[in-house]
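Contents: one structure, followed by commentary.
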Amino acid sequence: LMGDPYGDLTAALEMEMTHPGPASVGIHGRCKRFALYVENGVVEIVRIAEAEDDPAGDDRPDVTLADAMIRDIRALKKKKNAEL
């Protein structure tokens with residue numbers, strides 16, 4: 001987990017939520033609900049919990065939760081090992 005109080009990382013990753021919902025209630029600069037797997041400075045996996053009917057990913061955050069990321073990381077490592 002990592003904090004981004006000024007939104008610098010959010011902007012650099014282009015993860016700022018553009019849906020008007022949060023801004024309409026005074027929440028500006030909210031980032032999307034996302035998870036990254038970075039290995040040796042290389043982003044290997046990106047998962048974003050958003051849908052047309054759930055732009056914040058609040059109702060269905062599943063792809064960004066630990067269980068899903070661990071499963072995806074294991075699958076990535078298995079694929080990389082098979083390529084060796």
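For the numbers below, each heavy atom of this structure counts, side chains included, while hydrogens, waters and symmetry mates do not.
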*Do R33 side-chain atoms and P61 backbone N/O form a donor-acceptor pair below 3.5 Å?*
no

*Return the minimal non-hydrogen interatomic distance between V43 and V46, and the atom names on each side.*
CG1-CG2, 3.4 Å

*Measuring from D67:CG to D72:CG, what's the distance to the nearest 0.5 Å?*
11.0 Å

*Any donor and acceptor pair, going by atom type alone, linking the side chain of N81 with main-chain N or O of K77 inside 3.5 Å?*
yes

*What heavy-atom pair brings C31 and T10 nearest, and what distance separates the two atoms?*
CB-CG2, 3.3 Å

_Is there a side-chain contact between I73 and I45 in this structure, where contact means two heavy atoms from C-beta onward sitting under 4.5 Å apart?_
yes

_Using side-chain heavy atoms (C-beta onward) and a distance below 4.5 Å, is F34 in contact with L13?_
yes

*Decide, yes or no, whether a salt bridge links K80 with E44 under the criterion of side-chain N to carboxylate O below 4.0 Å.*
yes

*Counting N and O atoms only, with roles assigned by atom type, does the side chain of D4 sit under 3.5 Å from a partner on the main chain of D8, one being a donor and the other an acceptor?*
yes

*Backbone N/O of D58 and side chain of D54: donor-acceptor pair under 3.5 Å*: yes

*Between L76 and Y37, is any pair of side-chain heavy atoms under 4.5 Å apart?*
yes

*asked:* Could you check whether D62 pairs with R47 (Lys NZ or Arg NE/NH1/NH2 to Asp/Glu carboxylate O, under 4.0 Å)?
replied: no

*Considering all heavy atoms of both residues, which atom of P55 and which atom of E50 are nearest to each other, and what is their separation?*
O-CB, 3.5 Å

*Verify the cluster assignment for M17 and I48: are they in a single hydrophobic cluster under the rule of side-chain heavy atoms below 4.5 Å apart?*
no

*Could you tell me whether E83 atom CD has more than 12 heavy atoms of other residues or ligands within 6.0 Å of it?*
yes

